[in-house]
There are 2 protein chains.
Amino acid sequence: MSNPKQVTIVEVAAAAGVSIATVSNVLNRGGIRSSKETIRKVELAAEQLGYRRNTNAAGLSRNKTFEIGLIVPVLGGYYGQLAEQLQLEAHRAGYHLSVFSSGGFDPAIERRNLEVLLQRRVDGLICHGLAMGFESTRSIVNSGTPLVLINGWGWPEDIALGAVNLGFSEACRQSTKLLADRGCDLLVYVGNKHSKVIDGQRRQGFETGIAQLSSPIPHQFVDTKDLDMERFLQELMMGPAKRVGIMAFDDYVALRLLSMANKLKIDMPDRLQLIGINNDSVSSHAYPSISTWDIPYYLQANTAISKLLHKFGHNVATCEEREFEVPLTFIERETTKI
Amino acid sequence: MSNPKQVTIVEVAAAAGVSIATVSNVLNRGGIRSSKETIRKVELAAEQLGYRRNTNAAGLSRNKTFEIGLIVPVLGGYYGQLAEQLQLEAHRAGYHLSVFSSGGFDPAIERRNLEVLLQRRVDGLICHGLAMGFESTRSIVNSGTPLVLINGWGWPEDIALGAVNLGFSEACRQSTKLLADRGCDLLVYVGNKHSKVIDGQRRQGFETGIAQLSSPIPHQFVDTKDLDMERFLQELMMGPAKRVGIMAFDDYVALRLLSMANKLKIDMPDRLQLIGINNDSVSSHAYPSISTWDIPYYLQANTAISKLLHKFGHNVATCEEREFEVPLTFIERETTKI
DNA sequence: CTGTTAGCGCATTCAG
DNA sequence: CTGAATGCGCTAACAG
């Protein structure tokens with residue numbers, strides 16, 4: 001017995017001198033109206049007794065919890081921003097959002113949290129960058145709970161309702177063009193294979209961009225993990241390239257490159273140009289400030305929630321496509337401006 | 001009717017040819033043992049039918065949810081790290097943690113989330129930097145749900161079980177000494193009044209430190225909000241001080257100062273020294289890298305959860321003090337090393 | 001309009 | 001060891 005017994009509608013009913021059904025009616029403002037008098041009495045009694053509805057009981061009774069579960073890899077940066085926005089959108093629709101972290105792509109934790117959410121009978125699920133594979137996910141989530149993926153490319157229809165994906169690929173594609181236009185004669189993508197699928201999208205966009213260049217430019221791929229940044233930049237500067245353009249995995253990777261460039265006194269943007277992704281606050285506060293791609297959190301969150309609401313039967317406009325791609329917008333700052 | 005009807009113990013019982021009570025027993029590994037044979041039958045049936053326990057119903061029935069609610073001002077940086085750690089500790093104790101954000105100290109959102117959590121009958125609550133005042137909080141949380149505060153100084157006993165606070169004050173106090181030792185002849189605290197109570201702690205520690213200096217050093221207070229950093233740093237450099245020591249509100253503020261200093265080509269650490277707080281990843285990746293105070297997340301999370309567990313009746317060691325202060329540890333980096 | 005009743009899914013006595 | 005019965009707090013018909 002954890003809590004010292006909370007007030008229930010039974011007590012409120014007694015205090016107000018009405019039946020529990022009446023209490024339930026007035027307190028939830030259902031279709032049924034009550035007389036002014038009873039409303040007053042009930043509200044007063046509820047107020048005085050400090051009544052607080054037990055939503056678990058309510059959910060049990062009507063088989064609907066008005067809860068949406070969210071699982072993100074980590075509570076910070078881009079994921080955190082998204083979560084905030086999702087919470088807002090959920091609230092707007094009368095739901096609440098419970099946020100869980102998979103502890104940095106840990107499949108075990110992710111799985112546990114998924115299980116917890118399902119056991120809570122959440123009405124819907126939003127998952128970002130599922131670390132588990134198709135099969136694993138399917139076996140867990142086949143209960144009929146609607147699932148919307150964020151940044152989930154090519155997931156089977158029987159698992160997820162749909163997905164809202166960020167246009168990383170396109171952003172990276174355009175970045176190569178942009179860096180080429182700015183006069184870069186060597187292009188490099190500094191990835192992060194830790195975030196497997198997202199890294200894949202970015203890399204692919206970069207490759208596509210390279211292939212579409214009007215005049216070919218040498219390029220290379222490296223990964224943050226096995227990279228000695230200092231040595232890497234030094235060699236770049238001693239190489240034949242007059243101006244190197246780097247597409248960084250995200251703003252944090254960009255910041256690290258930028259810091260090292262500062263240390264090596266590399267002239268930015270003359271000898272080195274840099275583009276990040278996310279428009280994290282660090283990108284604008286760094287010196288020089290980092291050009292980056294901004295994420296339309298509102299659009300992202302709104303479409304994700306809308307997909308769920310639609311499934312719930314709410315009458316909302318929602319895109320038909322299963323995989324909706326939201327475009328990023330370029331924010332030009334000092335690392336590329338010439 | 002949101003979900004297309006989930007499997008219940010009734011069906012499992014039928015399939016296994018036993019009663020629901022038996023199912024409940026074997027599935028929850030309660031005190032009561034069952035025969036090997038029934039265990040097998042039940043587990044098989046549950047497995048095949050894809051049974052998943054409805055924790056809401058279970059919670060309703062035993063008046064215990066094994067859920068802990070967490071409210072943080074924002075899902076990112078320090079707060080995010082803490083949330084991750086709290087989730088871990090909660091898991092370890094057999095609870096799960098639902099994370100909510102108050103959307104950046106928004107009292108309305110905070111209040112709504114608190115209410116939601118209370119209505120869900122969470123077993124316990126952990127709140128970080130409550131935006132609402134004493135009275136407001138008391139009126140909401142007086143239901144008997146145990147509440148532990150993080151960074152809540154001087155809260156009345158009838159509201160919160162206790163608090164675990166970070167030693168910001170002490171860290172700032174020591175920082176002044178340190179900057180003085182490094183030869184700074186002007187000390188300034190760049191605060192952030194947006195985070196009222198935390199800013200207060202830091203400022204106070206800074207003041208104390210100043211007062212305790214063996215030989216007095218001129219000092220000043222400014223606030224991030226109404227500060228033109230460029231002009232501010234320029235004037236500092238043109239002033240009489242040979243070496244300025246800045247205690248920044250946190251690593252992000254420090255990064256902004258550092259970036260501006262880089263832009264103005266101010267020599268760090270010779271003419272300007274800088275200390276941040278939080279040991280955020282940016283502090284180590286900036287150039288020059290930022291000296292800062294590291295937060296013992298594990299200790300923080302562990303004591304917070306322990307306080308709750310203790311209240312729940314679990315037999316755990318827990319500190320007696322109502323307000324437990326966890327000390328920060330200094331990480332020296334290039335902005336102060338000479 | 002208001003009260004009565006029958007569940008929601010599960011845990012928990014208390015008899016067999 | 002197992003099962004029938006009761007209740008957790010609330011909602012949803014359905015009667016009055």
Side-chain angles (χ1 to χ4, degrees), chain A residues 1-43 45-46 49-67 118-123 143, chain B residues 1-42 45-46 49-66 118-123 143:
Chain A
M1 202 90 70
S2 177
N3 293 344
K5 185 69 178 170
Q6 313 264 83
V7 181
T8 76
I9 47 172
V10 177
E11 302 164 55
V12 176
V18 298
S19 82
I20 61 166
T22 306
V23 173
S24 180
N25 276 336
V26 356
L27 258 32
N28 303 341
R29 293 268 181 279
I32 306 125
R33 290 177 315 196
S34 306
S35 76
K36 288 246 185 282
E37 181 55 13
T38 35
I39 292 184
R40 210 187 48 72
K41 280 194 302 186
V42 170
E43 283 181 340
L49 270 55
Y51 169 73
R52 179 143 32 213
R53 188 179 187 220
N54 183 330
T55 53
N56 286 340
L60 185 60
S61 165
R62 48 168 152 174
N63 193 30
K64 169 94 183 168
T65 57
F66 289 97
E67 176 176 21
L118 255 17
Q119 292 187 176
R120 289 192 72 76
R121 299 297 191 266
V122 291
D123 292 334
S143 51
Chain B
M1 203 90 68
S2 175
N3 293 346
K5 185 72 179 168
Q6 314 265 83
V7 182
T8 76
I9 47 172
V10 176
E11 302 164 57
V12 175
V18 297
S19 82
I20 62 165
T22 305
V23 174
S24 179
N25 275 336
V26 356
L27 258 32
N28 303 340
R29 293 267 180 276
I32 307 127
R33 287 178 315 197
S34 305
S35 73
K36 287 246 185 279
E37 180 54 13
T38 33
I39 292 184
R40 210 188 49 73
K41 281 195 302 188
V42 170
L49 271 55
Y51 169 73
R52 180 142 34 214
R53 189 177 188 223
N54 183 329
T55 53
N56 286 339
L60 185 60
S61 164
R62 50 169 150 175
N63 192 30
K64 169 93 181 169
T65 58
F66 289 97
L118 256 15
Q119 291 188 175
R120 293 242 301 255
R121 299 297 190 268
V122 291
D123 291 333
S143 50

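What's counted below: heavy atoms across the whole structure, side chains too, no hydrogens, waters or symmetry copies. Proteins come first, then strands; the chains are lettered A, B, ... in the order of their sequence lines, and each starts at number 1.
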### Task
Kindly indicate whether the side chain of A:Arg121, heavy atoms from C-beta on, has any atom under 4.5 Å from the side chain of B:Arg52.
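They are in side-chain contact.
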### Message
Need one value for B:Val18: base, sugar-phosphate or nothing, where a base atom within 4.0 Å counts as base even if backbone is also close, heavy atoms only.
### Response
sugar-phosphate
Can you measure from [atom1] ([X]) to [atom2] ([Y]) and round to the nearest 0.5 angstrom?
{"X": "B:Lys41", "Y": "B:Ile39", "atom1": "NZ", "atom2": "CD1", "result": "11.5 Å"}
{"X": "B:Asn54", "Y": "A:Leu118", "atom1": "CG", "atom2": "CG", "result": "11.0 Å"}
{"X": "A:Asn25", "Y": "A:Ile9", "atom1": "CG", "atom2": "CD1", "result": "10.0 Å"}
{"X": "A:Leu27", "Y": "A:Tyr51", "atom1": "CG", "atom2": "OH", "result": "6.0 Å"}
{"X": "A:Thr55", "Y": "B:Asn56", "atom1": "OG1", "atom2": "CG", "result": "7.5 Å"}

Spacing of [X] atom [atom1] relative to [N] atom [atom2], expressed in whole Å:
{"X": "B:Arg40", "N": "D:dC1", "atom1": "CZ", "atom2": "P", "answer": "17 Å"}
{"X": "A:Glu11", "N": "D:dC8", "atom1": "CD", "atom2": "C1'", "answer": "13 Å"}
{"X": "A:Lys36", "N": "C:dT2", "atom1": "NZ", "atom2": "P", "answer": "12 Å"}

### Message
Protein within reach of the bases, or only the backbone? For nucleotides 8-16 of chain C, mark each nucleotide 5' to 3' as B, S or -, using heavy atoms under 4.0 Å.
### Response
BBBBB----
### Query
Side-chain N or O of B:Thr38 less than 4.0 angstrom from OP1 or OP2 on D:dC1?
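No, outside the criterion.
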